[in-house]
Amino acid sequence: MQVVRSVGHFKAVNCLRVPLVERKTSISIMGSGPLASLEVIHCAKLMESEISTSARTRLATIARHMSPSNCCSTSHHGGIRIEGRVRDALMAGKPVVALESTIISHGMPYPQNFQVAKEVESIVQQSGVTPATIAIIDGIPCIGLMEHELEKLAQLGPQCVKTSRRNIAYVMAKKLTGATTVSGTMFLASKVGIHVFVTGGIGGVHRHGETTMDVSADLTELGRTAVTVVCAGVKSILDIPRTLEYLETQGVTVIGYGTDEFPAFFTPQSGCQAPCRADTPEECATIIGENLKVGLQSGILIGVPIPSQDAAMADAVESAIQSSLMETKAKHITGAEVTPYILMRVNELTGGASLSANIALIRNNALVGSQIAVALADKLAKSP
Ligand SMILES: O=c1[nH]cc([C@@H]2O[C@H](COP(=O)(O)O)[C@@H](O)[C@H]2O)c(=O)[nH]1
């Protein structure tokens, strides 16, 4: 088993004693904090009785991603880069929330996207949680971004490659800059042991999906990756009943947060029942904890309704959605282009009201997701 121990000021996780150092490899970590330099230390054996199960899992996950074959400090050898403060938090079992980057590049215009990205990180931070915005920068998957990288994504906008699971390897190989979707972000978050991920909305089954087979990779990712996605549900541009059916097929636990109804992004109501309900962060954390404990290896979707004061423009937004849906048909816009096009048009048609609602619900999700991450970290720390 491998253990990560720092040089410098880093506190040993759970005060583990590391008995035997076989070989070391120096790697660099972005930033200049106490973790700016670490050693990956390969140990013969840990004192098993001193380590809780959750600490052991954490160490194994992080160590795996810091091993010489999987991690590097430059952009030339592949591997995942974890920002120092994110790594500190993960190592110490403190709460971390993953944030996606397609929402920045394709979901909102510049400069609001940059402002919102920073604001969401700061909401998470103020809740005592470490934010980890995920993207692929010049071919390197990054868990946690520097401010100038957030700005780069925001400025590039749709020029970034919209990166879901299917093109992660391609974007890495071509050393491109990719904004990760829900599926891409979930995959990378799971690789480093982040359990909670906050976003605005997820993709789903598109209308007429039964003939076009246009089903977002977000849904299959939820079926195969044990990360909890906190969102405001699914937009009505999609086929919500079929999206929920598909999530059931994929074995995804779908929860309405404080509601019996699955939310529809701009509106709290979709007319569809949420299969499960949880009313507090602690309840959500218990479900996530059981999901991890029993090893289901599938995700959880928590639908948080948009706050009622921000749903005021719901009717105007709904009718704008309908018109832009007709436009996509007339202009033969299909596949991955559909969602960004509709988001842009709905914003234009509502004179910016949809963007305000979008921003408001993301803020709210960041708050709820952070509370869930705190409750989960607490639970995992106490688990035997
Ligand atoms: O309300 C939204 N839904 C979806 C997206 C983005 O679009 C992706 C889904 O795209 P597609 O339908 O092409 O799978 C999501 O993962 C997310 O990144 C978004 O920004 N806002």
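Treat the numbers as computed from the prediction; the structure is a model and nothing was measured.
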Could you tell me whether the side chain of [Y] reaches within less than 4.5 Å of the side chain of [X], counting heavy atoms only?
X	Y	result
Ile306	Thr267	no
Asp218	Thr181	yes
Leu99	Pro131	yes
Glu147	Phe114	yes
Ser216	Ile202	no
Val252	Tyr246	no
Val215	Leu219	yes
Tyr110	Asn113	yes

Which distance, rounded to the nearest 0.5 Å, do you find between the [atom1] of [X] and the [atom2] of [Y]?
X	Y	atom1	atom2	answer
Leu367	Ile362	CG	CD1	13.5 Å
Ile240	Arg242	CD1	CZ	13.0 Å
Arg166	Thr220	CZ	OG1	11.0 Å
Ile143	Glu83	CD1	CD	10.5 Å
Leu145	Glu151	CG	CD	12.5 Å
Leu376	His195	CG	NE2	6.0 Å

(Q) Could you check whether atom CD of Glu318 has more than 12 heavy atoms from other residues, nucleotides or ligands sitting under 6.0 Å from it? (A)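 Correct, the count exceeds 12.
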
Q.
Check this for me: Glu327, atom CD, are more than 12 non-hydrogen atoms of other residues, nucleotides or ligands nearer than 6.0 Å?
A. yes

Does the [X] side chain pair with the main chain of [Y], one donor and one acceptor, at a distance under 3.5 Å?
X	Y	result
Arg207	Ser236	yes
Asp138	Leu176	no
Thr243	Val205	yes
Asn167	Lys162	yes
Thr225	Leu222	no
Asn365	Thr199	yes
Thr212	Asp214	yes

Ionic contact status for [Y] with [X], cut-off 4.0 Å:
X	Y	value
Asp378	Lys94	no
Glu283	Lys379	no
Arg81	Glu149	yes
Arg277	Asp260	yes

Over all heavy atoms of both residues, which pair between [X] and [Y] is shortest? Give the atoms and the distance, please.
X	Y	answer
Ala366	Val120	CB-CG1, 3.9 Å
Ser105	Ala179	OG-CB, 3.0 Å
Leu238	Gly204	CD1-N, 3.5 Å
Ser270	Glu261	N-OE2, 2.8 Å

Should [X] and [Y] be counted in the same cluster of Ile, Leu, Val, Met, Phe, Trp and Tyr side chains packed under 4.5 Å apart?
X	Y	answer
Met108	Met344	yes
Ile134	Ile123	no
Val227	Ile287	yes
Val124	Ile359	yes
Val196	Leu292	yes

Q: Could you list the residues that satisfy side chain to side chain donor-acceptor pair (under 3.5 Å) with Thr163, not counting sequence neighbours?
A: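 Residues passing side chain to side chain donor-acceptor pair (under 3.5 Å) with Thr163: none at all.
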
Q | Gln371 side chain to Ser127 side chain, donor-acceptor N/O pair below 3.5 angstrom | A |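 No donor-acceptor contact under 3.5 Å links the two side chains.
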
Q: Consider only side-chain N and O atoms of Ser101 and Thr180, and report whether a donor and an acceptor are under 3.5 Å apart.
A: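 Side-chain D/A pair, Ser101 to Thr180: present.
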
